[in-house]
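All values below come from the heavy atoms of this structure, side chains included, with hydrogens, waters and symmetry mates left out. First the proteins, then the strands, lettered A, B, ... as listed; each starts at 1.
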Amino acid sequence: MIRTIETSVLTQQISEMCIQVNHCLSPDMEAALKNAAQTEVSPLGKKILGDLQKNLKIAAGEQIPICQDTGMAVVFLEIGQDVHFTGGSVEDAVNEGVRQGYVSGYLRKSVVADPIERINTKDNTPAVIHYSIVPGDRVRITLAPKGFGSENMSRVFMLKPADGIEGVKEAILTAVRDAGPNACPPMVVGVGIGGTFEKSALMAKQALTRDISKSSPVPWVADLEREMKEKIDCLGIGPGGLGGVTTALAVNINTFATHIAGLPVAVNICCHVNRHQTREL
Amino acid sequence: MDKKIRLPITEETAVSLYAGDYVYLTGKMYVARDAAHKRLSELMEKGKELPIDLAQATVYYMGPSPARKGRPIGSAGPTTASRMDKYTPALLDNGLRAMIGKGKRSEEVLRSIKKNKAVYFAAVGGAGALLSKCIKRSEIVCYEDLGAEAIREIEVEDLPAVVVADCHGNDLYQTAAKEYEKPEK
């Protein structure tokens with residue numbers, strides 16, 4: 001059975017999601033920040049984490065975006081193969097949702113139409129859209145607006161197979177160390193291991209949208225996530241980069257098959273304002 | 001140490017500040033980021049007059065979200081300062097006293113801060129809603145066409161910030177992390 005969905009529904013949902021994610025963090029992020037404020041030992045770090053608590057309260061209560069960089073909208077669309085869209089192009093519908101959300105929600109328009117000419121599009125479009133076709137007749141929309149303070153500190157490393165797990169660990173630590181205060185720590189570190197050049201980067205981005213209270217279902221990956229969070233916290237970067245024991249709120253790692261000659265590792269760093277929401281139609 | 005500071009920051013005040021001081025700033029400052037810095041730099045290169053008075057000025061690296069009705073400004077946290085590094089020494093040589101942003105500065109900027117008896121503060125990155133509440137008035141001074149990147153003058157009350165780079169050659173980013181760094185297990 002083919003299920004028909006009007007593309008205007010995508011527009012409506014995405015518009016609402018843009019506004020919501022920029023004012024309220026997901027419960028896992030909120031809980032991790034609250035916990036960090038308790039466990040941080042640096043007095044200045046504790047003060048900063050306290051400020052972040054106040055910031056979240058003001059953002060939700062007074063409808064002021066959590067961060068002024070309300071991001072470039074990244075949209076993951078998982079489309080069931082039994083779905084038929086009517087009412088116009090899916091891409092246009094997604095961009096219309098972003099446009100409506102960013103304009104009516106008083107969100108910052110941070111997108112320029114061309115990377116060199118740099119003229120602002122004034123409505124935060126276009127979004128970066130990743131499509132995948134899945135079994136079934138449902139559509140899952142994940143919206144993850146990405147701020148560029150942390151995006152600019154993200155990296156792809158094309159390691160050699162001989163570099164192995166130790167090389168992967170060093171790559172993650174290098175990215176985090178170089179990011180330091182620029183990425184607004186405490187950060188969430190999304191990692192993609194394997195695949196190809198672009199697949200690793202996409203996995204790293206997707207990893208950021210996973211609930212940070214949940215580990216990878218793959219045992220060795222879950223172990224690596226725990227170990228890397230601990231190692232990153234030992235760097236001492238701390239809240240705001242001003243020293244402390246809370247540098248990462250979580251490390252989320254996704255993996256995929258790769259080529260006999262390669263070991264791609266992508267590290268997508270996100271600040272403590274790790275915004276994402278998923279809805280199913 | 002917590003200090004309350006009234007803007008503009010005099011040379012004497014700048015000299016009294018040390019990396020790690022927690023300050024609350026009150027008074028008028030400019031807001032400018034990438035595109036505005038590029039324009040100011042082009043004017044300076046051509047020897048033309050600037051649209052803002054840099055003498056003892058404080059500039060906040062920030063691009064706010066739009067203000068809702070009845071509010072002076074939207075979310076208003078700091079942006080990454082290193083993107084302004086290229087333009088900063090010339091501005092400091094022309095009288096700029098203080099900068100508010102987040103993240104590391106280049107060696108050249110740190111040297112220029114020392115030479116010009118200036119100061120670099122960090123505000124809490126990602127705390128745009130909280131910092132918005134410290135801003136009492138905001139108006140666009142020039143470059144309105146740049147949208148969120150226009151140069152503004154804002155009036156702040158007790159805006160919290162931390163001295164990161166002082167004119168004595170200290171850089172908190174280099175020292176603070178070392179204090180909490182733990183050797184590899």
Quick check for you: to the nearest 0.5 Å, what is the distance between [X] atom [atom1] and [Y] atom [atom2]?
{"X": "B/Lys69", "Y": "A/Tyr106", "atom1": "NZ", "atom2": "OH", "value": "5.0 Å"}
{"X": "A/Cys234", "Y": "B/Glu181", "atom1": "SG", "atom2": "CD", "value": "9.0 Å"}
{"X": "A/Ile48", "Y": "B/Tyr22", "atom1": "CD1", "atom2": "OH", "value": "7.0 Å"}
{"X": "B/Leu130", "Y": "A/Ile64", "atom1": "CG", "atom2": "CD1", "value": "9.5 Å"}
{"X": "A/Lys109", "Y": "B/Glu149", "atom1": "NZ", "atom2": "CD", "value": "14.5 Å"}
{"X": "A/Asp69", "Y": "B/Met62", "atom1": "CG", "atom2": "CE", "value": "12.5 Å"}

Between [X] and chain B, which part of the residue has a heavy atom less than 4.5 Å away: side chain, backbone, both or neither?
{"X": "A/Asp51", "answer": "both"}
{"X": "A/Leu44", "answer": "side chain"}
{"X": "A/Asp178", "answer": "backbone"}
{"X": "A/Lys57", "answer": "neither"}
{"X": "A/Leu52", "answer": "side chain"}

Would you mind checking which part of [X] comes under 4.5 Å of any heavy atom in chain A, side chain (CB onward), backbone (N, CA, C, O), both or neither?
{"X": "B/Ala81", "value": "neither"}
{"X": "B/Ala127", "value": "both"}
{"X": "B/Thr175", "value": "neither"}
{"X": "B/Lys178", "value": "neither"}
{"X": "B/Lys104", "value": "both"}

Heavy atoms of other groups near [X] [atom1], more than 12 under 6.0 Å:
{"X": "B/Glu108", "atom1": "CD", "result": "no"}
{"X": "A/Lys169", "atom1": "NZ", "result": "yes"}
{"X": "A/Lys229", "atom1": "NZ", "result": "yes"}
{"X": "B/Arg137", "atom1": "CZ", "result": "yes"}

pair [X]-[Y]: side-chain heavy atoms closer than 4.5 Å:
{"X": "B/Tyr180", "Y": "A/Val41", "value": "yes"}
{"X": "B/Thr80", "Y": "A/Asn152", "value": "no"}
{"X": "A/Ile58", "Y": "B/Lys133", "value": "yes"}
{"X": "B/Leu131", "Y": "A/Gln68", "value": "no"}

Between chain A and each of B/Ser82, B/Ala35, B/Ala122, B/Pro64, count heavy-atom pairs under 4.5 Å; write down the option with the most. B/Pro64
Ranking B/Gly147, B/Pro160, B/Gly126 by heavy-atom pairs under 4.5 Å to chain A gives rank one to B/Gly126
Pair B/Asp34, A/Arg118 - check salt bridge (Lys or Arg N to Asp or Glu O under 4.0 Å), show working. CA-CA 11 Å; B/Asp34 310 54; A/Arg118 307 199 75 81; over 6 Å; no
Ignoring hydrogens, what is the shortest heavy-atom contact between B/Arg68 and A/Gln63? Give both atom names and the distance. NE-O, 2.9 Å
Heavy-atom pair of closest approach, residues A/Pro65 and B/Ser75: O-OG, 2.7 Å
Among [options], who wins on heavy-atom pairs under 4.5 Å with chain B?
{"options": "A/Ile66, A/Ile119, A/Val273, A/Ile237", "result": "A/Ile66"}
{"options": "A/Gly147, A/Gly45, A/Gly236", "result": "A/Gly236"}
{"options": "A/Gly238, A/Cys271, A/Gly149, A/Gly244", "result": "A/Gly244"}
{"options": "A/Val245, A/Leu107, A/Asn120", "result": "A/Leu107"}

Apply side chain to side chain contact (heavy atoms under 4.5 Å, CB included) to the pair B/Asp2 and A/Lys47, showing each step before the final yes or no. CA-CA 12 Å; B/Asp2 287 12; A/Lys47 198 163 180 166; 3.3 Å; yes
Short side-chain to backbone donor-acceptor contact, A/Arg108 and B/Pro66, under 3.5 Å: no
